[in-house]
Novice: 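Submitted below is the structure of interest, expressed as structure tokens.
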Amino acid sequence: MDFSRRCKINGGDEIACLGQSLNEMSDTLENAIIKLVEANEVLKSDLERKAQNERMHRQFVANVSHDFKTPLTLMVTYAEALGEQDLNDVSKEYCETIIIEGNKLSQMVGRLLRLSKLESGADEIVNSLFCLSEVLETVVRKYNLPTEKKQIAVKIQQDDAYIVQADYSKIEQVVINLFENAVKYTTQGGEIFIRAYENNTKCRICIENTSQVIAKEDLENLFDSFYRADKARSRVDGYGLGLAIVKVIMEAHQQQYGVENTENGVRFWFELELAQMQEEEL
């Protein structure tokens, strides 16, 4: 990649013309490489600045979330204590509203903190072997009341009792976030269909619900934090943090995930590594 050497030109025959052409080519290549190096330095600087901005953003979110947590807890605690006093109906209603909205904010702050820890790598992946059906059934039981209230029929289909290798608590969080999202947007009297099946060497888990389809231009952005496809529809937590947490967890596992429209609604999916076990171990 060193084009500083030049041919000495003597005379005007074909060899001299060839030498002149080589010199011109060397000049052109040298100039092109200089421009590429300069462009690469600019790009490198831009990437470093972008990475710095992202680190500052994450640190800011983590700090703000941490600072919000204590005042919110105190606010809800005092509102609960005040609500236990002998108050008139209007005052009790005000206390209940403070408690409900305070708990919503506290939940959002908790998710922000969790997202910050995951993005920073502070919350590391701890792999273990576990039965997938245990996670799915536990989450579905946890949301019995919300699904019954909306008269949602929940169906689970597993082609096998899959043993997967992943971080149990984080995969449970993924299922919770996706199922919670499905409950939120499933139409009254609709269905949520959970299916687990083998896809090549992986286990694919799909959570599909009957609802309005999502615009194609919004599908690829759904897993970004603070992104909302329809501004008129708030997410479960109001800021899209649930799906952002799913994204970070699945990328930490180095596994695929996604979302797609179906004929009657929306399907979210993710994949996990199947455990390599002998028959006697199973």
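Keep in mind the model is a prediction, meaning the values are calculated, not measured. For this chain, numbers begin at 1 and follow the sequence in order.
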Novice: Leu132 and Ile176: same hydrophobic cluster, using ILVMFWY side-chain contacts below 4.5 Å?
Specialist: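 Result: yes, single cluster for both.
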
Novice: Can Val174 be reached from Val126 by stepping across I, L, V, M, F, W or Y side chains whose heavy atoms are under 4.5 Å apart?
Specialist: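 The answer is no; the residues belong to distinct hydrophobic clusters.
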
Novice: Give a yes or no on whether the backbone of Phe268 and the side-chain of Tyr257 come within a donor-acceptor separation of less than 3.5 Å.
Specialist: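 Judged by distance alone, no pair lies under 3.5 Å.
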
Novice: What's in the same ILVMFWY side-chain cluster as Val76, cut-off under 4.5 Å, chained through other members?
Specialist: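 Besides Val76, the hydrophobic cluster comprises Ile99, listed by chain and residue number.
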
Novice: Can you list the residues that meet the salt bridge (Lys or Arg N to Asp or Glu O under 4.0 Å) rule with Arg195, with sequence neighbours excluded?
Specialist: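 For Arg195, the residues satisfying salt bridge (Lys or Arg N to Asp or Glu O under 4.0 Å) (neighbours in sequence not counted) are Asp159.
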
Novice: State which residues pass salt bridge (Lys or Arg N to Asp or Glu O under 4.0 Å) with Glu273; sequence neighbours excluded, sorted by chain then number.
Specialist: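 Per chain and number, Glu273 pairs via salt bridge (Lys or Arg N to Asp or Glu O under 4.0 Å) with Lys202.
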
Novice: How far does NZ of Lys142 sit from OG1 of Thr147, to the nearest 0.5 angstrom?
Specialist: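 Here the rounded value is 13.5 Å.
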
Novice: Verify the neighbour count for atom CD of Glu14: are there more than 12 heavy atoms of other residues, nucleotides or ligands below 6.0 Å?
Specialist: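 No, CD of Glu14 has 12 or fewer neighbouring heavy atoms, counting only those of other groups under 6.0 Å.
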
Novice: As an exercise, state the distance from CD of Glu30 to CG of Asp2, rounded to the nearest 0.5 Å.
Specialist: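 Glu30 atom CD to Asp2 atom CG measures 7.5 Å (nearest 0.5 Å).
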
Novice: Sequence neighbours excluded, which residues qualify as side-chain contact (heavy atoms from CB on, under 4.5 Å) partners of Asn264?
Specialist: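 Result, side-chain contact (heavy atoms from CB on, under 4.5 Å) vs Asn264: Thr210.
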
Novice: My understanding is that only residues two or more places apart in sequence, or in another chain, count here; which of them pass side-chain contact (heavy atoms from CB on, under 4.5 Å) with Ile15?
Specialist: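 So Ile15 forms a side-chain contact (heavy atoms from CB on, under 4.5 Å) with Asp13.
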
Novice: Enumerate the ring-ring contact (aromatic ring centres under 6.0 Å, His included) contacts for residues 138-159, please, sequence neighbours excluded, ordered by first and then second residue.
Specialist: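 Those involving residues 138-159 are Tyr143-Phe179.
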
Novice: Distance check, rounded to the nearest 0.5 Å: Met25 atom CE versus Leu18 atom CG?
Specialist: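 Between Met25 CE and Leu18 CG, I get 9.0 Å after rounding to 0.5 Å.
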
Novice: Working to the nearest 0.5 Å, report the span between CG of Leu274 and OG1 of Thr201.
Specialist: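 Those atoms lie 7.5 Å apart.
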
Novice: State the CZ-CZ distance between Phe193 and Arg267, to the nearest 0.5 angstrom.
Specialist: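 Here the rounded value is 9.0 Å.
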
Novice: How far apart are the closest heavy atoms of Asn209 and Ala182, and which atoms are they?
Specialist: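 Result for this residue pair: ND2-O, 3.8 Å.
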
Novice: For the CZ atom on Phe130, are there more than 12 heavy atoms of other groups (residues, nucleotides or ligands in this structure) within a distance under 6.0 Å?
Specialist: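 It does: Phe130 CZ has more than 12 such atoms within range.
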
Novice: Ignoring hydrogens and geometry, is there a side-chain-to-backbone donor-acceptor pair from Ser106 to Gly102 under 3.5 Å?
Specialist: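 Not a single qualifying donor-acceptor pair exists.
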
Novice: Taking the hydrophobic residues Ile, Leu, Val, Met, Phe, Trp and Tyr, and joining any pair whose side-chain heavy atoms are under 4.5 Å apart, which ones share a cluster with Leu43?
Specialist: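 Leu47, listed by chain and number.
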
Novice: Can a donor-acceptor pair be found, under 3.5 Å and without considering hydrogens, that links the side chain of Asn261 to the backbone of Ile214?
Specialist: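 A pair under 3.5 Å: yes.
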
Novice: With distance as the sole test, does His253 use its side chain to make a donor-acceptor pair with the main-chain N or O of Asp167 at under 3.5 Å?
Specialist: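 Yes, His253 side chain to Asp167 backbone: donor-acceptor pair under 3.5 Å.
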
Novice: Taking all non-hydrogen atoms of both residues into account, name the closest pair between Gly12 and Cys17 and its distance.
Specialist: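 Shortest heavy-atom contact: O-SG, 4.4 Å.
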
Novice: Are there more than 12 heavy atoms of other residues, nucleotides or ligands under 6.0 Å from atom CD of Gln157?
Specialist: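 Enclosed.
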
Novice: For Leu36, which fellow cluster members are found when Ile, Leu, Val, Met, Phe, Trp and Tyr are connected by side-chain heavy-atom distances below 4.5 angstrom, either directly or through intermediates?
Specialist: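 Joined to Leu36, directly or through intermediates: none.
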
Novice: State yes or no: do Leu178 and Tyr168 share one hydrophobic cluster built from I, L, V, M, F, W and Y residues joined by side-chain heavy-atom distances below 4.5 Å, directly or via other members?
Specialist: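 As far as the 4.5 Å side-chain criterion goes, Tyr168 and Leu178 are connected within one cluster.
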
Novice: Applying side-chain contact (heavy atoms from CB on, under 4.5 Å), name anything that partners Asp46, two or more places apart in sequence or on another chain.
Specialist: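 Result, side-chain contact (heavy atoms from CB on, under 4.5 Å) vs Asp46: Val42, Arg49.
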
Novice: Quick check: are there more than 12 heavy atoms from other residues, nucleotides or ligands sitting under 6.0 Å from CD of Glu260?
Specialist: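 Enclosed: over 12 neighbouring heavy atoms sit under 6.0 Å from CD of Glu260.
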
Novice: Does atom CG of Asn144 have more than 12 heavy-atom neighbours, drawn from other residues, nucleotides or ligands, at distances under 6.0 Å?
Specialist: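 More than 12 heavy atoms, drawn from other residues, nucleotides or ligands, come within 6.0 Å of this atom.
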
Novice: Work out which heavy atom in Phe3 is nearest to a heavy atom in Ser26; give both atom names and the distance.
Specialist: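 The pair with the smallest heavy-atom distance is CB-O, 3.7 Å.
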
Novice: Taking a hydrophobic cluster as the set of Ile, Leu, Val, Met, Phe, Trp and Tyr residues connected by side-chain heavy atoms closer than 4.5 Å, whether directly or through intermediates, do Tyr162 and Val140 fall within one such cluster?
Specialist: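 Yes, same cluster.
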
Novice: Considering all heavy atoms of both residues, which atom of Gly19 and which atom of Ile9 are nearest to each other, and what is their separation?
Specialist: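 Closest heavy-atom pair between Gly19 and Ile9: C-CD1, 3.5 Å.
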
Novice: Determine whether more than 12 heavy atoms belonging to other residues, nucleotides or ligands lie under 6.0 Å from atom CD of Glu93.
Specialist: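 No, the 6.0 Å shell around CD holds no more than 12 heavy atoms from other groups.
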
Novice: Are Leu136 and Tyr197 connected into the same hydrophobic cluster when the rule is that any two of I, L, V, M, F, W, Y join if their side-chain heavy atoms are below 4.5 Å apart?
Specialist: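 Both belong to a single hydrophobic cluster.
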
Novice: If you take all heavy atoms of Val266 and Ser211, which pair is closest and at what distance?
Specialist: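 That closest heavy-atom pairing would be CG2-OG, 3.7 Å.
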
Novice: With sequence neighbours excluded, tell me which residues meet side-chain contact (heavy atoms from CB on, under 4.5 Å) with Ser21.
Specialist: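 Expected list: none.
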
Novice: Could you identify which residues cluster with Leu74, counting Ile, Leu, Val, Met, Phe, Trp and Tyr as linked when any side-chain heavy atoms lie under 4.5 Å apart, either directly or through a chain of such contacts?
Specialist: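 Traced through the cluster, Leu74 reaches Tyr78.
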
Novice: To the nearest 0.5 Å, tell me how far Asn23 CG sits from Lys8 NZ.
Specialist: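 These two atoms lie 12.0 Å from each other.
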
Novice: Between the main-chain N or O of Lys150 and the side-chain N or O of Gln188, is there a donor-acceptor pair closer than 3.5 Å?
Specialist: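 Confirmed, Gln188 side chain pairs with Lys150 backbone.
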
Novice: Between Ile98 and Ala79, what is the shortest heavy-atom contact and its length?
Specialist: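 Nearest pair, atom of Ile98 first, then Ala79: CG2-CB, 3.7 Å.
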
Novice: Partners of Asp27 by salt bridge (Lys or Arg N to Asp or Glu O under 4.0 Å), sequence neighbours excluded?
Specialist: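 Salt bridge (Lys or Arg N to Asp or Glu O under 4.0 Å) list for Asp27, sorted by chain: Arg6.
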
